[in-house]
Amino acid sequence: MDSYGDLRWSCLTLPTGRKIYLTQRPDRAKYVSVWNFISEKKPSIRFCFTDDIVTDFDGAVPFLWYPWIPGEHIPTENIFAFFCLMDYYENISLPDKSFWLHCDSSTMRAPTFLGLYLYAKWSDKAEEICKKVTANNDNELEMRLKHSIPTEYAQTSMKLDPGVKELIEAWQKGGEKEAYLHLMNRKTHLKLS
């Protein structure tokens, strides 16, 4: 017997029209509700930001796992990889396909990564994108609008996590190439000091 509730989701729309869904981890929701979500929202990829891996659902949606241990600084290498693959899947996925992001409850880690991506790509529109969020129920919408705002988490990360602000600035300056050069130069500098 399934003791979990239905999959909760909220949705943000990128300036490209791509829908981004934030959910709790799918293995903590009713199995049938996860399958309903997959068939209705048509995600082409699932980004998993948990400390333990959340495997796939019979191969229905390919997934990428970015571990981020609670209480630790966000790994800049994971941010860079996430940005690169978001752009990659944006370019190869059909327009009607969405992207699916989750951590454990979709209240901190996944929204942080999404907020950082919004600032890297669309810093002038990031807050507006977050204000236009939709959700599958009123509680989820209230949580996303008042307590779990991707841009606010991103701002906190840029202040507190080493190297994050500089990586975002590099991406804003010259996209993947500039961010790569920044990341490699930073790592080389750290090894030499």
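Any value given below was found using the heavy atoms of this structure, including those in side chains, with hydrogens, waters and symmetry copies removed. Counting begins at 1 with the first residue of the sequence. What you see is a predicted model; the values in this text were computed from it and never measured.
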Full working for side-chain hydrogen bond (donor to acceptor under 3.5 Å, both in side chains) between Asp87 and Tyr117: CA-CA 10 Å; Asp87 278 1; Tyr117 182 71; 2.7 Å; yes
Which heavy-atom pair separates [X] from [Y] by the least distance, and what is that distance?
X      : Y      : result
Asp27  : Tyr4   : O-CE1, 3.6 Å
Val34  : Pro26  : CG2-O, 3.4 Å
Pro111 : Ser148 : CG-OG, 3.6 Å

For Ser44, side chain to side chain donor-acceptor pair (under 3.5 Å) partners two or more places apart: Ser93
With sequence neighbours excluded, residues passing side chain to side chain donor-acceptor pair (under 3.5 Å) with Glu140: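 Here the qualifying residues are Arg8.
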Stepwise salt bridge (charged side-chain N to carboxylate O under 4.0 Å, His left out) test for Lys19 and Asp96: CA-CA 8 Å; Lys19 302 277 187 204; Asp96 67 334; over 6 Å; no
Hydrophobic cluster partners of Ile53 (side-chain heavy atoms under 4.5 Å):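 Traced through the cluster, Ile53 reaches Phe63, Trp65.
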ILVMFWY cluster membership beyond Leu160 - transitive side-chain contacts under 4.5 angstrom: none
Nearest-0.5 Å distance that lies between atom CG in Leu22 and atom SG in Cys103: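 Atom-to-atom, Leu22:CG and Cys103:SG are 8.0 Å apart.
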Keeping the roles fixed (side chain from [X], backbone from [Y]), state whether a donor-acceptor pair exists under 3.5 Å.
X      : Y      : value
Arg46  : Leu64  : no
Arg144 : Ala135 : no
Asp6   : Ser33  : no
Asp104 : Gln24  : no
Ser39  : Trp35  : yes

Check: Glu176 and Phe80 side chains under 4.5 Å, non-hydrogen atoms: yes
Pairwise side-chain contact, Val54 with His102, heavy-atom cut-off 4.5 Å (strictly under): yes
Centroid-centroid distance, Trp100 to Phe37, less than 6.0 Å: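 Trp100 vs Phe37: aromatic centres under 6.0 Å.
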Phe82/Phe49 aromatic ring centres below 6.0 Å: yes
Evaluation steps, salt bridge (charged side-chain N to carboxylate O under 4.0 Å, His left out), between Glu169 and Lys173: CA-CA 6 Å; Glu169 289 170 347; Lys173 181 179 173 187; over 6 Å; no
Selection residues 61-71 - residue pairs positive for salt bridge (charged side-chain N to carboxylate O under 4.0 Å, His left out), sequence neighbours left out: none
Salt bridge (charged side-chain N to carboxylate O under 4.0 Å, His left out) between Glu127 and Lys131, intermediate numbers included: CA-CA 6 Å; Glu127 292 182 24; Lys131 287 178 184 173; 5.1 Å; no
Side chains of Tyr21 and Asn136, donor plus acceptor under 3.5 Å: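 Short answer, no.
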For Lys146, all residues meeting salt bridge (Lys or Arg N to Asp or Glu O under 4.0 Å), sequence neighbours excluded: Glu142
